[in-house]
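Structure first, then comments.
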Amino acid sequence: GKKTRIIQGERMSETKVCSKCGIEKERSGFEKAKQNKDGFNGKCMPCLTAYRRQYRLKKYGVRTPPQTNFYEDGKLIIESKKHGRFEVLYDAEDEALIKEHRWYIWKPAAGHGSNYYALSDGRGKTTRMHRLVMSAEKGVQIDHRDQNGLNNKKDNLRPCSNLQNQYNRKPDKRNTSGYKGVSWVKRDKKWQAQIVKDGKNTNLGLYETKEEAARVYDAEAKIQHGEFAYLNFPEE
């Protein structure tokens, strides 16, 4: 006879009939549901998945990608209703690899940077274009030399540590001075210069003008951050 088991004092079959398709299947083919008497959902997994898909379609309608991709003059053009039109740069040798994905524009949350990046979602995994073209291993970060997250040409990309990536980052959008490492000290009514040294913020003094404080930051950044230093006055 059929295999049976005891659940809460009752003798129960190891199979169950789906309330949707009417087919008798092993209970392993049903989703667990504590609210049901036998502890399993009434619909088998294929029927339950189809039901949920129809429910989402009825509630939300057809959900099409909000961003479109097309290629023009060796560049990827991404048009987004939210962000606008962007050009993504890459090397010609990487075009075939890049065309295997559908890309969209992503911007970090407010206060965490002002850069835009090209990302792709597929099979539950998010891929960043700059990591894809550099074949970056897990744990290795990739820095954009010119701080343009959409310039993914290899001569603009370089492996780095998390700290080095922070060194070459643009000033935070919450920065009111407009210069990296410079902030206003209300109590002293002066501009303060600070820099990350050995992973910690180090005070570089107070100055009458924000430009003076910014140049002090630049001088120290060249020493502390080397080739990854973001300079307020790169032309000087």
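Below, all heavy atoms of this structure are taken into account, side chains as well, without hydrogens, waters or symmetry copies.
With hydrogens and angles disregarded, no donor-acceptor distance shorter than 3.5 Å links the side chain of H225 to the backbone of L163. Under a 3.5 Å cut-off, the side chain of N36 and the backbone N or O of G39 do not form any donor-acceptor pair. Judged by distance alone, with hydrogens and angles left aside, the side-chain atoms of N115 form a donor-acceptor pair with the main-chain N or O of G149 at under 3.5 Å.
Here the straight-line distance linking atom CD of Q147 with atom NZ of K170 works out to 6.5 Å at 0.5 Å rounding. Note that NZ of K210 and CG of N232 are 11.0 Å apart. Values are rounded to the nearest 0.5 Å. Rounding to the nearest 0.5 Å places CG of N152 at 10.5 Å from CD1 of I142. Here the CZ-CG distance, from R27 to D38, works out to 4.5 Å after rounding to the nearest 0.5 Å. Between the CG atom in D188 and the OH atom in Y207 there is a gap of 13.0 Å [rounded to 0.5 Å]. With rounding to the nearest 0.5 Å, the separation of CG in N156 from OH in Y90 is 16.0 Å.
Across all their heavy atoms, C18 and C44 have their closest contact at SG-N, 3.3 Å. Residue G178 comes nearest to P171 through the heavy atom pair O-CG, 4.4 Å, listed as atom of the first residue, atom of the second, then distance.
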- Task: Determine, stepwise, if the pair M134 / V140 fulfils side chain to side chain contact (heavy atoms under 4.5 Å, CB included).
- Result: CA-CA 10 Å; M134 290 292 285; V140 176; over 6 Å; no

- Item | CA sep, side-chain torsions, deciding dist, call: F30, M45, side chain to side chain contact (heavy atoms under 4.5 Å, CB included) | CA-CA 5 Å; F30 292 79; M45 285 304 300; 5.9 Å; no

- Derivation of the side chain to side chain contact (heavy atoms under 4.5 Å, CB included) call for E87 and I77: CA-CA 5 Å; E87 294 184 350; I77 310 299; 3.5 Å; yes

- Task: Given side chain to side chain contact (heavy atoms under 4.5 Å, CB included), test N41 with L48 step by step and report yes or no.
- Result: CA-CA 9 Å; N41 200 298; L48 187 60; 4.0 Å; yes

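A search for salt bridge (Lys or Arg N to Asp or Glu O under 4.0 Å) contacts involving E31 returns R52, not counting sequence neighbours. Remark: D155 pairs with K153 by the side-chain contact (heavy atoms from CB on, under 4.5 Å) rule, at least two apart or across chains. Applying the salt bridge (Lys or Arg N to Asp or Glu O under 4.0 Å) test to K20 and every residue at least two apart in sequence or in another chain returns nothing. Residues forming a side-chain hydrogen bond (donor to acceptor under 3.5 Å, both in side chains) with Q192 (at least two apart in sequence, or on another chain): Q194, N203. Y217 pairs by the side-chain hydrogen bond (donor to acceptor under 3.5 Å, both in side chains) definition with nothing, not counting sequence neighbours. Scanning for side-chain hydrogen bond (donor to acceptor under 3.5 Å, both in side chains) contacts around Y230 gives an empty result, with sequence neighbours left out. With sequence neighbours excluded, the residues satisfying salt bridge (Lys or Arg N to Asp or Glu O under 4.0 Å) with E227 are R158. Judged as a side-chain hydrogen bond (donor to acceptor under 3.5 Å, both in side chains), and not counting sequence neighbours, the contacts of K99 are E95. Judged as a salt bridge (Lys or Arg N to Asp or Glu O under 4.0 Å), and not counting sequence neighbours, the contacts of E93 are K154. Residues satisfying the side-chain contact (heavy atoms from CB on, under 4.5 Å) criterion with K222, sequence neighbours excluded, are L231.
When hydrophobic side chains of Ile, Leu, Val, Met, Phe, Trp and Tyr are connected at separations under 4.5 Å, L89 ends up as a singleton with no cluster partners.
Look at E24 and K16 and you find no salt bridge, because none of the NZ, NE, NH1 or NH2 atoms lies under 4.0 Å from a carboxylate O.
Cluster membership for M129 and Y71, using ILVMFWY side-chain heavy atoms within less than 4.5 angstrom, is shared.
Annotation: side chain of E220 is not in contact with side chain of V216 (no heavy-atom distance under 4.5 Å). Counting heavy atoms from C-beta on, the side chains of V88 and W103 never come closer than 4.5 Å. Looking at Y117 and H144, their side chains come closer than 4.5 Å, going by heavy atoms from C-beta outward. Annotation: side chain of I78 is not in contact with side chain of R85 (no heavy-atom distance under 4.5 Å). In this structure, the side chains of N201 and V196 come closer than 4.5 Å at one or more pairs of heavy atoms. Side chains of E212 and W191 form no contact here, defined as non-hydrogen atoms less than 4.5 Å apart.
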Under 3.5 Å, sequence neighbours excluded: what are the donor-acceptor pairs made by side chains of residues 179-187?
| unit_1 | atom_1 | unit_2 | atom_2 | d |
| --- | --- | --- | --- | --- |
| K180 | NZ | Q166 | O | 3.0 |
| K180 | NZ | Y167 | O | 2.8 |
| K180 | NZ | R169 | O | 2.7 |

